Structures are given as C-alpha cells and as structure tokens.
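Take a look at the structure set out below.
Just so it is clear, the structure is predicted and the values come from calculations on it, not from any experiment.
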Amino acid sequence: MANNVALLLLLLSLQLTVSFSQQPGDDADFPTFLKIKEQFGDQAALVSLDPGTGPCNWAYAYCNQYRRVVAIFLQNVNITSTIPPAIGDLDQLHTISIANIPGLHGPIPDTFGKLSRLSIFNIMRTSVSGSLPASLSRTNLTSVSFFGNKLTGRIPRSLQDLPYLTYFDASNNRLVGRIPPRLVGNGTRDRPLGLTLTNNRLTGPIPRTYARERYFMNFRVANNMLTGDAAFLFGRRKTVYDVDLSGNRLRFNLTGVVMPENLLFLNMSRNRIYGSVPASLAQLKKLVTLDLSYNRLCGEIPTGGNLGRFKAEAYEHNKCLCGTPLPAC
C-alpha cells in the first residue's frame, strides 16, 4: 500500500513538473509577446496570437531550440495597425519579414535599433510611412528591403556604419536627398552587392565611391532626379549583371565606356547621355535587355554580339544615331 502511494505521489510530481515547464510564462519572450499583442490591438487575423500559449506557438513566429523568437514572418494578413514597438525587445531576432499588408501604417519603430542580432529586415508593400530610423545602424543588417511603402525623408548616412550590409532595396517610396556614398559595400564574387532605389525623389550625383566596388548583382536607381556621371559603374574587370539608370538627368560621354562582360540588363533611357554607342556593347554575348532611347547619342550603332536582337525602340529619340536597326547612315 505504501509503495502504491509513493508511486502515485511520484507520478503526480512528474505531471506537475511537466505541466509547469510548459507554461508560457516560462518563455523568456512571453512578457514581450503580451506587449506585442496589446500594441497590435484587436485583430481578427491574428487570432493565433493567443496569450494562453507561448510565442513559439504563434503562426508567424519561429523559435530556436531555447524557445527564443529568432524570426517573424508576417505576410498576407488583413490587419489595420501600426508596427508594435515591443518587437524591438525580442533581443534574439535575426529576421523580420513583413509583406503585403496594406493596412499596416505608421513609422518603423526606433526601438528596432535595439535588435543587435537583426540581419534580414523586410517591410514590403505596406502603408508604412515616415523616415528610416537612424538607430538601425546599431543592428547587424546584411539585407534590407523596404520596397513599396510610403517612406519619406532622407536615407540616414548612419546606415553606412553597417559593415555587412550588401543588399538594400528602398524602391517605390518617397525618399529624398542624396544616395549615401557607402550604403552597401564589400561585395564579393559569391556575394555581389545589390542597390535598388528606383521610383523615389533622390537628387544629386551617384557617389563615386561605388566605382571601387567590383561586384554588383544590380544597381537600379531609375526614375529619380540624379545628375552627373555614371560611367564609373562600368569596366571590363567588373562583374555587374543589372544596371537601370533610366529616367534621371545623368549627363556623361558613353563613347569610351567599357561594359562588363557579364552584363545582362542595361537601361539608360531618358537621360542626357551623349557620345556614341560604345563598341564594347557589341562584345556582350549575354545581354538580354538594352534601352538607350531618349538620350543625345550620335553616330553608327555597332554590330555584333547580341545587338542584332534589339529593335529600333532600344535606340529611338536620340540626336543622330543611325545604322541597323535604325535607318542607314
């Protein structure tokens, strides 16, 4: 009898221990989790954000083996809210990806600067507005995409202090001012740089510091108000796949520019570029897209490489270009 009672007490003790260990309050991120729920407000789409369970059971959070939240993927949900500042208290976060939520509005919280482990940060296709917080320079960002929001103001120069930032996309916003001279850097053959600032209101010249970079996956700054030279982005020793400079006020001589042999996409249309079509374009065997229209180019279009695949639209509305596919000289 005594043995049965002892066994019963042992089983009860084990059950209580297991039950206690599973309480959400034991999770280090649980208090922050409650703040996030409160700051999101009453959102039917976030019903899984249940205080009765730990943050690791939330459909949009991912935890490590220590039950700490390391990533948030919040996409394609119908919510109307601002971004909870309490997310900045999840000190193990390395990834935030928020996308396709038109009802998400207001600024990016300055508290995100406390996320010293944050490496990947995406906020895409939302109504998030305001300026980019300079405090992000205290994170560990390597890749950023703020595509398709309502961001305003200047790109903080302090973001240059991020030593590992190799990809930055803030296209389709309302950003103003100049491009910081070292916004991305230290690209390699295995990890080429990406800079995409298309469809903003940026002004001034493209910083010449980018001439030092040899590896670019893309350099896309179309539809801004940029001025000056951009010839330094090219060169035979460079590896550059995609360049879009269209819709600016760039003015430089294209004649002697040597194109990178790996170039796939090139759009320089609607600028003030002068000179002639460079002979190096005829040596590119991988070129898929070309648009030099609406500039001030003159002279005969070279032949060779992939140039024969491009129609007259790629060269029209220049000063005096001639030769195939345009009328003969």
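Cluster annotation: F147 is not connected to I123 through the hydrophobic network of ILVMFWY side chains, with a link wherever side-chain heavy atoms come within less than 4.5 Å. In the hydrophobic clustering of this structure, L151 does not group with Y167; members are Ile, Leu, Val, Met, Phe, Trp, Tyr whose side-chain heavy atoms approach within less than 4.5 Å, directly or through other members. The same ILVMFWY cluster, assembled from side-chain heavy atoms under 4.5 Å apart, contains both L307 and L254. Placement of M268 and F232 within a single hydrophobic cluster is found when ILVMFWY residues are connected by side-chain heavy-atom separations under 4.5 Å, directly or transitively. Cluster annotation: V258 and I273 are assigned to distinct hydrophobic clusters (Ile/Leu/Val/Met/Phe/Trp/Tyr, side-chain heavy-atom contacts under 4.5 Å, transitive).
The minimum heavy-atom distance linking P260 with K238 is given by the pair CB-O, 3.4 Å. Nearest approach of T166 to G185, heavy atoms of both residues: CG2-O, 3.8 Å. Nearest heavy-atom pair across N306 and K285 is ND2-O, 3.2 Å. For the residue pair K35 and D89, the shortest heavy atom distance occurs at NZ-OD2, 4.4 Å. Between P109 and I83, the shortest heavy-atom distance links the atoms CG-O, 3.5 Å. Counting all heavy atoms, side chain and backbone alike, F30 lies closest to P55 at CD1-CD, 4.0 Å.
Taking CG from L175 and CG from N224, the interatomic distance works out to 8.5 Å, rounded to the nearest 0.5 Å. The NE2 atom of H94 sits 10.5 Å away from atom OG1 of T142, with the distance rounded to the nearest 0.5 Å. For the atom pair CE of M259 and CG of L287, the computed distance is 9.0 Å after rounding to the nearest 0.5 Å. Considering CG of D161 and CG of L136, their distance stands at 12.0 Å, rounded to 0.5 Å. Residue K37 holds its NZ atom at 15.5 Å from OG1 of T32, rounded to the nearest 0.5 Å. Atom CD1 of I87 and atom CZ of F40 lie 5.0 Å apart (nearest 0.5 Å).
Judged purely by atom type and a 3.5 angstrom limit, N318 uses its side chain to pair as donor or acceptor with the backbone of L292. When atom types are taken as modelled, the side chain of E316 and the backbone of Y294 share no donor-acceptor pair closer than 3.5 angstrom. No donor-acceptor distance shorter than 3.5 angstrom exists from the side chain of D244 to the backbone of F219, with no hydrogens or angles considered. Of the possible donor and acceptor atoms, one in the side chain of N295 sits under 3.5 Å from a partner among the backbone N and O of N271. No donor-acceptor distance shorter than 3.5 angstrom exists from the side chain of D110 to the backbone of P133, with no hydrogens or angles considered. Side-chain N or O atoms of D169 include none that pairs as donor or acceptor with a backbone N or O of S145 at under 3.5 Å. No donor-acceptor pair closer than 3.5 Å links the side chain of S119 to the backbone N or O of L141. With hydrogens and angles disregarded, a donor-acceptor distance shorter than 3.5 Å links the side chain of N253 to the backbone of T255. Put simply, the side chain of N218 gets close to the backbone of L195: a donor and an acceptor are under 3.5 Å apart. Using modelled atom types, one side-chain atom of H105 and one backbone atom of S81 make a donor-acceptor pair closer than 3.5 Å.
Counting heavy atoms from C-beta outward, N173 and T152 have side chains that stay 4.5 Å or more apart. Residues R237 and E261 form no side-chain contact, since every pair of their non-hydrogen atoms from C-beta on lies 4.5 Å or further apart. Between Q160 and S137, every side-chain heavy-atom pair lies at or beyond the 4.5 Å cut-off. Residues L250 and T227 are not in side-chain contact: their nearest non-hydrogen atoms beyond the backbone lie 4.5 Å or more apart. Residues L233 and E213 fail the side-chain proximity criterion, which asks for heavy atoms closer than 4.5 Å. Contact annotation: the side chain of V70 never approaches that of T95 to less than 4.5 Å [non-hydrogen atoms, C-beta and beyond]. Side-chain contact between I301 and L326: present, with at least one pair of heavy atoms (C-beta onward) separated by less than 4.5 Å. In this structure, T289 and L264 have side chains that are not in contact, with every pair of non-hydrogen atoms separated by 4.5 Å or more.
Residue R68 places its CZ atom among more than 12 non-hydrogen atoms of other residues, nucleotides or ligands, all under 6.0 Å distant. Crowding of N78 atom CG: a count of heavy atoms from other residues, nucleotides or ligands under 6.0 Å not exceeding 12. Around atom CD of E38, no more than 12 heavy atoms belonging to other residues, nucleotides or ligands sit under 6.0 Å away. The environment of R125 atom CZ is dense: over 12 non-hydrogen atoms of other residues, nucleotides or ligands sit within 6.0 angstrom.
Side-chain contact annotation: S97 with Q75, donor-acceptor N/O pair under 3.5 Å present. In this model, no donor atom of one side chain and acceptor atom of the other lie less than 3.5 Å apart for R117 and N140.
Taking the six-membered ring wherever Trp is involved, the centroid distance between the rings of Y315 and F310 does not fall below 6.0 Å. Between F146 and F121, a ring centre-to-centre spacing shorter than 6.0 Å is recorded.
Partner R220 forms a side-chain hydrogen bond (donor to acceptor under 3.5 Å, both in side chains) with one of T198, T196, D242 and no other, that one being D242. For the side chain to side chain contact (heavy atoms under 4.5 Å, CB included) with I96, the lone residue among L115, L74, I120, N122 that qualifies is L115.
Salt bridge absent: D91 and K114 never bring a charged side-chain N and a carboxylate O closer than 4.0 Å.
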Check the pair L245 / I206 against side-chain contact (heavy atoms from CB on, under 4.5 Å), numbers first and verdict last. CA-CA 10 Å; L245 308 175; I206 297 172; 4.2 Å; yes
Residues V243, N267; criterion side-chain contact (heavy atoms from CB on, under 4.5 Å); working and verdict: CA-CA 6 Å; V243 177; N267 191 342; over 6 Å; no
Please assess L202 against V221 for the test side-chain contact (heavy atoms from CB on, under 4.5 Å), listing each intermediate value before the final yes or no. CA-CA 9 Å; L202 300 171; V221 293; 6.0 Å; no
Verdict with supporting geometry, T239 and R189, side-chain contact (heavy atoms from CB on, under 4.5 Å): CA-CA 8 Å; T239 299; R189 186 179 300 275; 4.2 Å; yes
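Under a cutoff of 6.0 Å and an axis angle of 45°, R296 and Y274 do not form a cation-pi pair.
Ring-plane geometry between Y62 and F73 is classed as perpendicular, the angle between the planes exceeding 60 degrees on a 0 to 90 degree scale with a lower cut at 30.
Residue pairs meeting the side-chain hydrogen bond (donor to acceptor under 3.5 Å, both in side chains) criterion with at least one member in residues 199-212, sequence neighbours excluded: N172-N199, N199-N223, R208-D229.
In this view, N186 satisfies the side-chain contact (heavy atoms from CB on, under 4.5 Å) rule with no residue, not counting sequence neighbours.
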